[in-house]
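Every value quoted in this text rests on a predicted model; they were computed, and no experiment measured them. In each ligand, atom 1 is the first atom listed, and ligand 1 is the first ligand listed.
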Amino acid sequence: MTIPVLTIDGPSGAGKGTVSRLLAKKLGWHYLDSGSIYRSLAIALQINSVDVADTNAIVKVAEAMTLEFECGDELQVKLDGVDITPRLGLESTGVIASQIAAMPEVRAVLLQKQQDFRQFPGLVADGRDMGTVVFPDAENKVFLTASAAKRAERRYKQLIEKAIDANLIEIQKAIEERDRRDMERASAPLAMASDALYIDSSELSIAAVIEEILNLIH
Ligand code: DC
């Protein structure tokens with residue numbers, strides 16, 4: 001029997017993480033935050049002082065690194081036994097992750113690490129290419145997006161709540177730049193699978209998005 005997978009792809013800040021985590025909990029399924037794998041590799045490169053343009057060296061680090069995930073209220077990640085959770089969400093980590101994610105050699109090494117998450121009773125997988133490349137045979141696929149302005153606003157509010165200084169215009173610019181890099185790369189670009197359900201969350205609550213996805217599954 002094949003193990004069911006629900007894929008949720010889309011640009012950064014569309015709410016994929018929150019929605020995927022809640023759905024995994026509701027369904028009693030495992031959860032893969034594939035962006036955190038790219039982010040962990042970005043941190044491993046910083047720790048090992050590897051040049052982000054040196055593909056061969058990056059591939060070596062990607063092959064050698066061991067990752068342990070613990071999915072409580074917040075995702076916790078250990079890289080080679082060291083807790084890197086506080087660094088995962090940093091903007092600087094996301095920028096490096098997006099740069100190395102454009103390298104096909106890097107994506108090839110990380111493919112199996114992601115597919116290993118497919119375990120009984122099921123998996124919710126969140127990312128950019130979950131429905132197109134990593135789990136093309138998934139029976140349920142969603143493409144979750146929102147306008148760049150709305151995503152910037154949400155990110156701005158998150159930062160302000162954490163008492164981190166933020167500038168809305170700069171955040172929106174950074175989001176648009178990241179979208180462009182993720183969509184224009186040649187290798188597994190951010191794209192909607194032809195058999196995915198398109199949801200624009202700009203004017204929807206998290207609960208409404210979850211309901212729409214549960215309707216798709218049932
Ligand atoms: O979802 P995120 O912001 O944590 O992802 C960080 C970067 O990782 C993103 O800019 C592009 C890359 N990524 C990817 O290329 N493919 C995925 N499935 C997930 C993330």
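- For atom 4 (O) of ligand 1, the nearest non-hydrogen atom of the protein is R39 NE, 2.6 Å.
- Of the residues R181, R185, E177, the one that meets the side-chain hydrogen bond (donor to acceptor under 3.5 Å, both in side chains) test with S98 is R181.
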**OP:** Apply the test side chain to side chain donor-acceptor pair (under 3.5 Å) to residues R154 and S201: give CA-CA distance (whole Å), side-chain angles for both, the deciding distance (0.1 Å), then the verdict.
**Re:** CA-CA 12 Å; R154 288 177 187 159; S201 75; 3.3 Å; yes

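- When only interatomic distances are considered, the shortest N/O to N/O separation between R185 and ligand 1 falls below 3.5 Å.
- At least one donor-acceptor pair under 3.5 Å links the side chain of S147 to the backbone N or O of K150.
- With a heavy-atom cut-off of 4.0 Å, L190 does not touch ligand 1 at all.
- Taking distance alone, with nitrogen or oxygen atoms compared against 3.5 Å, S12 stays at or beyond that limit from ligand 1.
- Atom 20 (C) of ligand 1 has its nearest heavy-atom neighbour, among A125, G35, G89, A102, in G35.
- Close approach of ligand 1 to A101 (heavy-atom distance below 4.0 Å) involves ligand atoms 12 (C), 15 (O).
- The distance criterion of under 3.5 Å between nitrogen or oxygen atoms is not met by D126 with respect to ligand 1.
- Residue-ligand proximity: R107 is placed with a non-hydrogen atom under 4.0 Å from ligand 1.
- Where the criterion is an N or O separation shorter than 3.5 Å, residue side chain and backbone included, R128 meets it with respect to ligand 1.
- Short contacts between ligand 1 and M130, defined as distances under 4.0 Å to a heavy atom of the residue, involve ligand atoms 18 (N).
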